[in-house]
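Nothing here was measured: the structure is a model prediction, and the numbers come from that model.
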Amino acid sequence: MRIFNSASRSLEVLEPSEGNRVGMYTCGPTVYDFAHIGNLRTFLFEDLLRRYLVFCGYDVTQVMNLTDVDDKTIRAAREAGKSLDEYTRVYKDAFFEDLQALNVRPADAYPCATAHIPQMVEMIARLVEKGFGYVAEDGSVYFSIEKDAGYGRLVNLDRDQMRRGERVEHDEYEKEGVADFALWKAWKEEDGDVAWDSPWGRGRPGWHIECSAMSMAYLGESFDLHTGGVDNRFPHHEDEIAQSEGATGKPFVRYWMHSNFLLVENKKMSKSAGNFYTLRDLLGRGHSARAIRYALLNAHYRQLLNFTIAGLDQAAASLDRLDTFNKRLEGLASGGSGGELPKFCNDVRSEFVAAMDDDLNLPGAIAAIFRLATAGNRAMDEDVLDANGADAILGLLRELDEVLGFLRCEADAPDRAVQALMEQREVARGAKDWAEADRLRDEIESMGWTVKDTSDGAQLHRK
């Protein structure tokens, strides 16, 4: 498997440091608001990556952090008149609801920054002891970029841009603001009751030290894979590298992977432009989480993605096509484990794997799926596909859906309760009791399914 390593700016063969074990750290949400679809694109890319690594036989340990203390969370909690924990709890819960709706596989750990302050203090102390960190007059601690000869390596910074001796207090800053960054921030009045004790006085950690301390706590001082959005490369990931390697003297991460930005209707997403969407916004408009997952994944992760409502509708139509193919297969299949794949789809798995091995070329992988659907439908039209062949194809689709997470497979079939309601609705429709049929439709939809009446009968689709 080849992946694009942001650090080397080239495609490299993934070679874990320890056999087939992969330690993977993924930058999670800052829980001051609901995640927007740009955030979700990154989380889905990371889910796809983890799923494919498992598909390839790797033993993956994935850690995703929750940033629940930083400039944004403190400011938002203060404006809302709530404690930090009370405020961020709402958005932590919402984040996990989003992941579940989008069929994102759970990470192995979701460390919160507020639960790992001792690890951060210990790491900062190591940096001060080694001369990379220094204490300012107010008790804040800063990382001296002048002491790190390799600073700027991830984003290829010109070291002449660096303003040695100047300090950047804010967690996030522009590339042009390259200066010493805060490891520990001395308490200020606007922090309210958000503070912890440290050798340098009461205060709180800077944003960047959080991920370094938490990733090492769960994956060790060196690990294989670190991912995030392209906007995290600088300053966040650059600062992570500097402070982590300064503290340990060891290489921090072997491979860095970053997903690109998302536009909405060819514009930068913003609330003022009216094109800012959360998952809840789109679900409220009647779009399915499954179609949203497909639409946000259906571009190479390193390409700029232009998200449009028309494209989301097209994603739903593409899924309908796959659903129809699956239903035809299920109607023909015997329900067994199946035999050998028919000759017309022998190459599908290898084409899928070849595309995914090429830096997660998902569009190429999806194209192989649709070629299978076209050939399979033709075989059924010509009555040359038997039950064993249908079983085998369904088995292949189930296997590939372990990577994609949006194909229609048996695992996504309605349960008995939903099927019973559908049968009752058919009886009501046969008796022309339209009011009862509508009531049953509403009940079915409340259980997470939509009903589509077609010339071939009523069909169920997962919301």
Side-chain angles (χ1 to χ4, degrees), residues 23-32 43 46 61-77 83-93 95-96 99 106-130 132-133 139-143 171-172 181-187 191-228 232 235-248 250 252-253:
M24 174 178 172
Y25 187 82
T26 56
C27 277
T30 301
V31 285
Y32 73 103
F43 302 147
E46 292 162 341
T61 300
Q62 181 188 10
V63 178
M64 175 181 277
N65 73 296
L66 303 179
T67 299
D68 59 352
V69 56
D70 76 329
D71 295 347
K72 290 178 178 178
T73 53
I74 293 172
R75 182 170 57 250
S83 70
L84 185 67
D85 180 67
E86 181 185 12
Y87 183 82
T88 58
R89 173 54 55 192
V90 173
Y91 298 110
K92 289 176 184 176
D93 292 344
F95 169 68
F96 288 114
L99 295 191
D108 296 285
Y110 291 99
C112 295
T114 53
H116 293 79
I117 303 298
Q119 291 91 333
M120 298 171 201
V121 170
E122 189 274 335
M123 188 172 185
I124 295 168
R126 290 167 70 182
L127 288 167
V128 172
E129 181 182 354
K130 292 188 173 188
F132 290 98
S140 296
V141 183
Y142 289 86
F143 184 94
D171 287 332
E172 298 174 272
F181 57 89
L183 299 169
W184 186 260
K185 298 185 176 186
W187 180 87
D191 292 339
D193 61 356
V194 180
W196 291 266
D197 291 325
S198 81
W200 317 284
R202 295 279 285 173
R204 61 182 176 89
W207 173 37
H208 313 299
I209 198 69
E210 296 177 3
C211 281
S212 288
M214 288 188 288
S215 62
M216 289 187 184
Y218 289 82
L219 298 173
E221 293 181 342
S222 298
F223 56 93
D224 295 303
L225 191 54
H226 197 314
T227 65
N232 284 146
H236 186 48
H237 291 163
E238 191 70 59
D239 291 352
E240 274 191 71
I241 294 171
Q243 64 203 7
S244 300
E245 297 188 356
T248 68
K250 302 175 183 178
F252 179 41
V253 172

Peer 1: How far apart are the closest heavy atoms of I209 and M123, and which atoms are they?
Peer 2: CD1-SD, 3.9 Å
Peer 1: Within the distance-only criterion (no hydrogens, no angle test), does the side chain of Q119 pair as donor or acceptor with the backbone N or O of A217 below 3.5 angstrom?
Peer 2: no
Peer 1: Please give me the minimum heavy-atom distance between A247 and L127, naming the atom from each residue.
Peer 2: N-CD2, 3.4 Å
Peer 1: Would you call K185-D70 a salt bridge at under 4.0 Å N-O?
Peer 2: no
Peer 1: To the closest 0.5 Å, what do you measure between NE2 (H226) and CD1 (I241)?
Peer 2: 8.5 Å
Peer 1: For R204, which of D197, D191, D193 qualifies under salt bridge (charged side-chain N to carboxylate O under 4.0 Å, His left out)?
Peer 2: D191
Peer 1: Find the distance between NZ (K250) and CD (E221) and round it off to the nearest 0.5 Å.
Peer 2: 4.0 Å
Peer 1: Could you list the residues that satisfy ring pair (Phe, Tyr, Trp, His ring centres under 6.0 Å) with F95, not counting sequence neighbours?
Peer 2: F43
Peer 1: Short question: side chain of R202, backbone of W187 - any donor-acceptor pair under 3.5 Å?
Peer 2: no
Peer 1: Any idea which heavy atoms bring Y25 and N65 closest together, and the distance?
Peer 2: OH-CB, 3.0 Å
Peer 1: May I have the step-by-step check of side chain to side chain contact (heavy atoms under 4.5 Å, CB included) for M216 and T248, ending in yes or no?
Peer 2: CA-CA 10 Å; M216 289 187 184; T248 68; 3.7 Å; yes
Peer 1: Quick one: do E210 and M120 satisfy side chain to side chain contact (heavy atoms under 4.5 Å, CB included)? Show the steps, please.
Peer 2: CA-CA 6 Å; E210 296 177 3; M120 298 171 201; 3.8 Å; yes
Peer 1: Might you point out which heavy atoms bring E240 and C27 nearest each other, and give the distance in Å?
Peer 2: OE2-SG, 4.2 Å
Peer 1: Please verify the inter-ring angle class for F252 with F223; under 30° counts as parallel, over 60° as perpendicular, anything in between as tilted.
Peer 2: perpendicular
Peer 1: W184 and G201: which non-hydrogen atoms are nearest, and at how many Å?
Peer 2: NE1-O, 3.5 Å
Peer 1: Between T114 and D68, does any side-chain donor sit less than 3.5 Å from a side-chain acceptor?
Peer 2: yes
Peer 1: Pick one: which of V69, D171, T67 meets side chain to side chain contact (heavy atoms under 4.5 Å, CB included) with T30?
Peer 2: T67
Peer 1: CG/D239 to CG/N232 distance, rounded to the nearest 0.5 angstrom?
Peer 2: 11.5 Å
Peer 1: Over all heavy atoms of both residues, which pair between P111 and H116 is shortest? Give the atoms and the distance, please.
Peer 2: CB-CE1, 3.4 Å
Peer 1: Measure the spacing between CZ of R89 and CG of L84 and express it to the nearest 0.5 Å.
Peer 2: 11.0 Å
